[in-house]
Protein chains: 2
Amino acid sequence: MLQEKILATAISQFGKQGYDGASTRQIAGLCDTAMSSITYHFGGKQGLYLSCADHIAARISERLGDIAAQLQGREAEMDAAQARERLLHLLDAIARLMLDPDSEDWVCFLVREQQNPSEAFDRIYNGVMGNLIESAVLLLARIRPDMPEHERRAQVMLLYGQALVLRAARASVTRGLRAERLGDAETGILRRMIRANAETIFNGGMP
Amino acid sequence: MLQEKILATAISQFGKQGYDGASTRQIAGLCDTAMSSITYHFGGKQGLYLSCADHIAARISERLGDIAAQLQGREAEMDAAQARERLLHLLDAIARLMLDPDSEDWVCFLVREQQNPSEAFDRIYNGVMGNLIESAVLLLARIRPDMPEHERRAQVMLLYGQALVLRAARASVTRGLRAERLGDAETGILRRMIRANAETIFNGGMP
DNA sequence: GTCTATACTACGATAGAC
DNA sequence: GTCTATCGTAGTATAGAC
């Protein structure tokens, strides 16, 4: 399917080079087609970019949607131990996402987009990201009912930050770990430590 | 000074729009000068970009250099309690940096640069960022001598990640906190929680 | 639907006047 | 040092053939 090929190529190019850096000519060229195909199928560069955002939202759903769907509205029924396991699982899934080479392009797209959010960010946030944050907040409410709501929200963002850094500051992380790249060994350590930190934080302030 | 004005404007534009998105014409225009001034003073767009990197490294030094300088080589002499206070102070300084509106432009520059690191990233990393990471690793070694070196390195990156997320995913953080922007109230909570999390993590696994 | 042609704009670099 | 003028290149958009 030409449209899908263009979409995948565009996400890769936008992710690598940013909106302005990527060119429709080059994207079309990589798909062995003419630039005007993009106009025809997506209405232009801007339209292509927004379609990329929708596609990314769909991919996040594919990958994390199961977890979020299982949670949908059930957070309130869980006991603290169940909620804890679910949240740890969610955090690990996000960490794996940030470490997965296959997701590099579109996570880069997303990180770039957050630097100056446009309509594309709205689509992704409203599509799935917001749900992932809200689910985590609800789970944390079961784990730490003592904590004020606004602190729980802050805590969720900080927990996600530990995963995000693995992609957003990849260049610093590889150097900081004195590694050439994040291989299986580094990946394993980082995932274990994110989990351990989260568990420690869940217990924080509680006897 | 025209050169400094161009530099400040360029950091802002590169930060907001990325390397390709920013244009030398526009940067010159914002400084009420001709585009060829950039050629004259910096040798071209690429030269200007690298000068921005050096300027950013200098600004990080201004702001965090004191902390790093005080630490220079003294980490080994400290006892665990001193090291703990120093590292908490360093983390808070970085968190404040990520929250400070004045640093928005150049932190954006840095986040963008990490998406596909060039020579500009080398200059900043070798200039100051590497030192900040290594200092933190040495401090953590005093606090958690039981922890293997490679885990300490990973832990430092995760701790920094909690601060980084405040800038790199600002759009998600403000929405996640249900805030319009990160004001004094949110800033205070986030800084307190980063500190509390770090303290908890320092104790993690220790009785 | 997909291609070729072309129009139009904006960019970075550079030469030369002052 | 700073400016104007110009060149070549590369971008998006669009019209029209097939």
Side-chain angles (χ1 to χ4, degrees), chain A residues 1-56 105-106 108-109 112-113 115-121 123, chain B residues 1-56 105-106 108-109 112-113 115-121 123:
Chain A
M1 200 67 174
L2 182 59
Q3 297 190 36
E4 287 171 18
K5 192 176 179 186
I6 291 176
L7 220 38
T9 308
I11 290 172
S12 168
Q13 291 300 105
F14 284 135
K16 285 193 183 78
Q17 321 208 36
Y19 182 80
D20 294 289
S23 96
T24 53
R25 271 204 218 293
Q26 192 184 7
I27 292 168
L30 289 168
C31 297
D32 293 312
T33 185
M35 194 216 66
S36 46
S37 304
I38 291 175
T39 312
Y40 179 77
H41 286 294
F42 302 96
K45 190 181 193 179
Q46 187 64 19
L48 176 59
Y49 189 75
L50 291 176
S51 295
C52 286
D54 291 335
H55 193 75
I56 286 172
D105 290 336
W106 64 262
C108 272
F109 183 109
R112 279 185 202 278
E113 179 61 25
Q115 300 308 300
N116 35 358
S118 69
E119 190 191 331
F121 178 71
R123 295 196 185 195
Chain B
M1 200 67 174
L2 183 60
Q3 296 191 36
E4 288 170 17
K5 193 175 178 185
I6 291 177
L7 219 39
T9 307
I11 289 172
S12 168
Q13 290 299 108
F14 285 135
K16 286 193 182 78
Q17 321 206 35
Y19 182 81
D20 295 290
S23 94
T24 53
R25 274 206 215 303
Q26 192 185 5
I27 292 168
L30 289 169
C31 296
D32 294 312
T33 185
M35 194 213 62
S36 47
S37 304
I38 291 175
T39 312
Y40 180 78
H41 286 293
F42 302 96
K45 191 182 193 179
Q46 186 65 20
L48 176 59
Y49 190 75
L50 291 176
S51 295
C52 287
D54 291 335
H55 193 75
I56 287 172
D105 290 335
W106 64 261
C108 273
F109 183 108
R112 277 184 203 278
E113 179 61 24
Q115 300 307 301
N116 36 357
S118 69
E119 189 191 334
F121 179 71
R123 293 196 186 194

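Every value quoted in this text rests on a predicted model; they were computed, and no experiment measured them.
Contacts with DNA chain D (heavy atom under 4.0 Å) in residues 26-45 of chain B: B:Asp32, B:Thr33, B:Ala34, B:Ser36, B:Ser37, B:Tyr40, B:His41, listed by number.
To the nearest 0.5 angstrom, B:Glu4 atom CD is 11.5 Å from B:His41 atom NE2. Between the CZ atom in A:Arg123 and the NE2 atom in A:His55 there is a gap of 14.0 Å [rounded to 0.5 Å]. Between B:Leu7 atom CG and B:Cys31 atom SG the span is 9.5 Å, to the nearest 0.5 Å. Between atom SG of residue B:Cys52 and atom CG of residue B:Asp105 there is a gap of 10.5 Å, rounded to the nearest 0.5 Å.
No side-chain heavy atom of B:Lys5 sits less than 4.5 Å from a side-chain heavy atom of B:Thr33.
Atom CD in B:Gln3 sits about 10 Å away from atom C1' in D:dG1, given to the nearest Å. Residue B:Tyr49 contributes atom OH, which lies 18 Å from atom C1' of C:dC11 at whole-angstrom precision. Atoms OH (B:Tyr19) and P (C:dC11) sit 14 Å apart, rounded to a whole Å. Note: CZ (B:Arg25) to C1' (D:dC7) measures 11 Å, nearest angstrom. Atom-to-atom, NZ of A:Lys5 to P of C:dG1 comes out at 18 Å; the value is rounded to the nearest Å. With rounding to whole Å, B:Gln17 atom CD is found 13 Å from C:dA10 atom C1'.
Side-chain N/O atoms of A:Ser23 include one lying less than 4.0 angstrom from OP1 or OP2 on D:dG11.
Between the side chain of B:Ser36 and the main chain of B:Thr39, no donor-acceptor pair closer than 3.5 Å is present. A distance-only check finds no donor-acceptor pair linking the side chain of A:Arg25 to the backbone of A:Met35 [under 3.5 Å].
Stem analysis of DNA chain C (Watson-Crick or G-U pairs, both distances under 3.5 Å, runs of at least three) returns C:1-4 with D:15-18, C:6-18 with D:1-13.
Note on ring orientation: taking the six-membered ring where Trp is involved, the planes of A:Tyr49 and A:Tyr19 are perpendicular (angle over 60°, cut-offs 30° and 60°).
In plain terms, the two heavy atoms of B:Ile6 and B:Phe42 that are nearest each other are CG2-CE1, 3.6 Å.
Under the 90° criterion around 0 for the glycosidic angle, D:dA10 counts as anti.
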